[in-house]
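Here is the structure we will look at.
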Amino acid sequence: GSDQLWNVRAEDFDSVYYYDFLADSCKRISYAASSASTKFGKWQDEIFKKNLPEFTAISVREKSVIPYFEQMSGKKVSVVLDPVFLLSAADWHEIVQEPHIKTPYIFCYLLGSNKEQHERAIKIAKENSCKLVTIPYLNGYNQLDDNFGDIQISAASPQEFLGLIENAAGVVTDSFHATAFSVIFNRPFWALSRFKNQGKTNNNHRVTDILEQSGLLNCYENSSNKLSTPDYSNANKILTVQADKTYGFLKAALGDIEC
């Protein structure tokens, strides 16, 4: 599995994500696992030290946690791409549902409760003569989302979510996957921090790691509000190489398993 499977602070965390129900003879492989945080307590150390040595192969999504997990597991840990990057923009386009918005717009997808980020999104849309499209109350009621945006979409399917990103003049977000699909569709975007840079629950590295890996770190907390498409020529090449390495990890890890 992928994403925040190893986020032991998550409400839906479960020990099954370490395959504790499998027989000893079964292979245990982690693919692009994320722990969300880069800071861990003793109780988390105990969980990882107990379970990770049983894995046959370990890969994570964020390279910043590799030293920690190598220490906890006693094994080599690889960094691989989130699975959304293993499909091309053309592949994803096949399931896109086009939005019924006829005017240029900035799509804002914010998970955090940060007044400055909301104000920044409004300013970006205004300075670029675009409508601001939002999906409010993503993490429950948030007063900042009241009347936030020119066009509010109360709910969006995965297909509609992709369409909102692919067709946007630009994207403002603090979300890993909204950032990822902005990159996949080669859209102009502003990646904003969701958390303060201190604290054990800070997981901004989920966004900064993939941007650094793809050579797009200048899109993180970019102070300019001007619409500008990043140089994707190099980023696309880097991600193609990383995708090949990711497939290589999976093939080596699965070995002679018959499907």
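Since the model is a prediction, treat every value here as computed from it, not as a measurement. Starting from 1, each residue takes its place in the sequence as its number.
- Taking each heavy atom of N236 and N186 in turn, the nearest pair found is ND2-OD1, 3.1 Å.
- A salt bridge links D82 with R61: the closest approach of a Lys/Arg side-chain nitrogen to an acidic carboxylate oxygen falls below 4.0 angstrom.
- In plain terms, the two heavy atoms of A125 and I106 that are nearest each other are CA-CG1, 3.8 Å.
- Across every non-hydrogen atom of F185 and V96, the tightest pair is CZ-CG2, 4.1 Å.
- Between the side chain of E221 and the backbone N or O of S193, at least one donor-acceptor pair lies under 3.5 Å.
- For R187 (side chain) and V171 (main-chain N/O), no donor-acceptor pair under 3.5 Å exists by modelled atom type.
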Evaluate ring pair (Phe, Tyr, Trp, His ring centres under 6.0 Å) for Y19 paired with F55, printing each intermediate quantity in order.
CA-CA 9 Å; Y19 308 127; F55 275 67; 5.6 Å; yes

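- At a cut-off of 3.5 Å, with distance as the only test, no side-chain donor of D174 or Q117 sits close to an acceptor on the other residue.
- The closest side-chain heavy-atom distance from I101 to K131 is not below 4.5 Å.
- In this structure, H118 and F148 have tilted ring planes: the angle between them lies in the 30° to 60° band.
- The structure places CD of E119 at 9.0 Å from CG of N114, a figure rounded to the nearest 0.5 Å.
- Separation of atoms CD1 (I151) and CZ (F107) is listed at 11.5 Å; rounding is to 0.5 Å.
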What verdict does the side chain to side chain donor-acceptor pair (under 3.5 Å) test give for R120 and N225, after you've listed the backbone C-alpha separation in whole Å, the side-chain angles of each residue and the deciding distance to 0.1 Å?
CA-CA 8 Å; R120 177 85 188 280; N225 291 337; 2.6 Å; yes

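- With sequence neighbours excluded, no residue forms a side-chain hydrogen bond (donor to acceptor under 3.5 Å, both in side chains) with N128.
- Taking CD of E166 as the reference point, atom NE2 of H93 lies at 5.5 Å (rounded to 0.5 Å).
- Judged by distance alone, with hydrogens and angles left aside, the side-chain atoms of W190 form no donor-acceptor pair with the main-chain N or O of I124 at under 3.5 Å.
- Side-chain contact check for E62 versus S34: some heavy-atom pair is nearer than 4.5 Å.
- Without hydrogens or angle criteria, N142 side chain to S113 main chain gives no donor-acceptor distance under 3.5 Å.
- Across all non-hydrogen atoms, the minimal contact from L227 to A169 is CD2-O, 3.2 Å.
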Please report the C-alpha distance between T134 and I153 in whole Å, then the side-chain angles of each, then the deciding distance to 0.1 Å, and finally whether the side-chain contact (heavy atoms from CB on, under 4.5 Å) criterion is met.
CA-CA 6 Å; T134 66; I153 298 175; over 6 Å; no

Criterion side-chain contact (heavy atoms from CB on, under 4.5 Å) on L216 and V183, from CA distance to verdict:
CA-CA 9 Å; L216 295 170; V183 173; 3.9 Å; yes

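- I165 and I184 fall within the same hydrophobic cluster, defined by Ile, Leu, Val, Met, Phe, Trp and Tyr side-chain heavy atoms under 4.5 Å apart, directly or through other members.
- Counting heavy-atom neighbours within 6.0 Å of N147 CG, excluding the residue itself, gives a total of 12 or less.
- Remark: the backbone N or O of A32 is paired with a side-chain donor or acceptor of S59 at under 3.5 angstrom.
- One finds the OH atom of Y220 at 9.0 Å from the CG atom of L211 (value rounded to the nearest 0.5 Å).
- In the displayed structure, K237 atom NZ is contacted under 6.0 Å by at most 12 heavy atoms of other residues, nucleotides or ligands.
- Closest non-hydrogen pair, S73 versus V77, comes out as OG-CG2, 4.2 Å.
- Using cut-offs of 30° and 60° on the angle between ring planes, the pair F69 and F48 is perpendicular.
- Judged by distance alone, with hydrogens and angles left aside, the side-chain atoms of K27 form no donor-acceptor pair with the main-chain N or O of A57 at under 3.5 Å.
- Within the 3.5 Å criterion, the main-chain N or O of L164 finds a donor-acceptor partner in the side chain of Y105.
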Check against side-chain contact (heavy atoms from CB on, under 4.5 Å), I122 and L132
CA-CA 7 Å; I122 293 171; L132 183 62; 3.9 Å; yes

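- Under the ring-ring contact (aromatic ring centres under 6.0 Å, His included) test applied with Y109, the options F189, F161, F181 reduce to a single match, F161.
- Side-chain contact, N222 with S224: no donor N or O sits under 3.5 Å from an acceptor N or O.
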Give the intermediate values and the outcome of side-chain contact (heavy atoms from CB on, under 4.5 Å) for residues K63 and E212.
CA-CA 10 Å; K63 69 176 184 179; E212 182 178 4; 3.8 Å; yes

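- The closest side-chain heavy-atom distance from K76 to E70 is below 4.5 Å.
- Not counting sequence neighbours, the partners of E160 by the side-chain hydrogen bond (donor to acceptor under 3.5 Å, both in side chains) test are Q97, S157.
- Residues D150 and V133 are not in side-chain contact: their nearest non-hydrogen atoms beyond the backbone lie 4.5 Å or more apart.
- The cluster map of Ile, Leu, Val, Met, Phe, Trp and Tyr, joined by side-chain heavy atoms under 4.5 Å apart, puts V80 and L250 in the same cluster.
- By the rule that hydrophobic residues join a cluster once side-chain heavy atoms approach within less than 4.5 Å of another member, F249 and I238 end up as members of separate clusters.
- Using modelled atom types and a 3.5 Å distance limit, the side chains of R28 and N51 yield no donor-acceptor pair.
- S214 and I210 make their closest contact through OG-O, 2.8 Å (heavy atoms, listed as atom of the first residue, atom of the second, distance).
- For the atom pair CD1 (I58) and OG (S78), the distance works out to 9.5 Å, reported to the nearest 0.5 Å.
- The hydrophobic cluster containing L87 also contains F176, counting ILVMFWY residues as joined when their side-chain heavy atoms lie under 4.5 angstrom apart, directly or transitively.
- Linking ILVMFWY side-chain heavy atoms closer than 4.5 Å, directly or via other members, places V84 and V241 in two distinct hydrophobic clusters.
- Taking the six-membered ring for Trp and thresholds of 30 and 60 degrees, Y137 and Y141 have nearly parallel ring planes, at less than 30 degrees apart.
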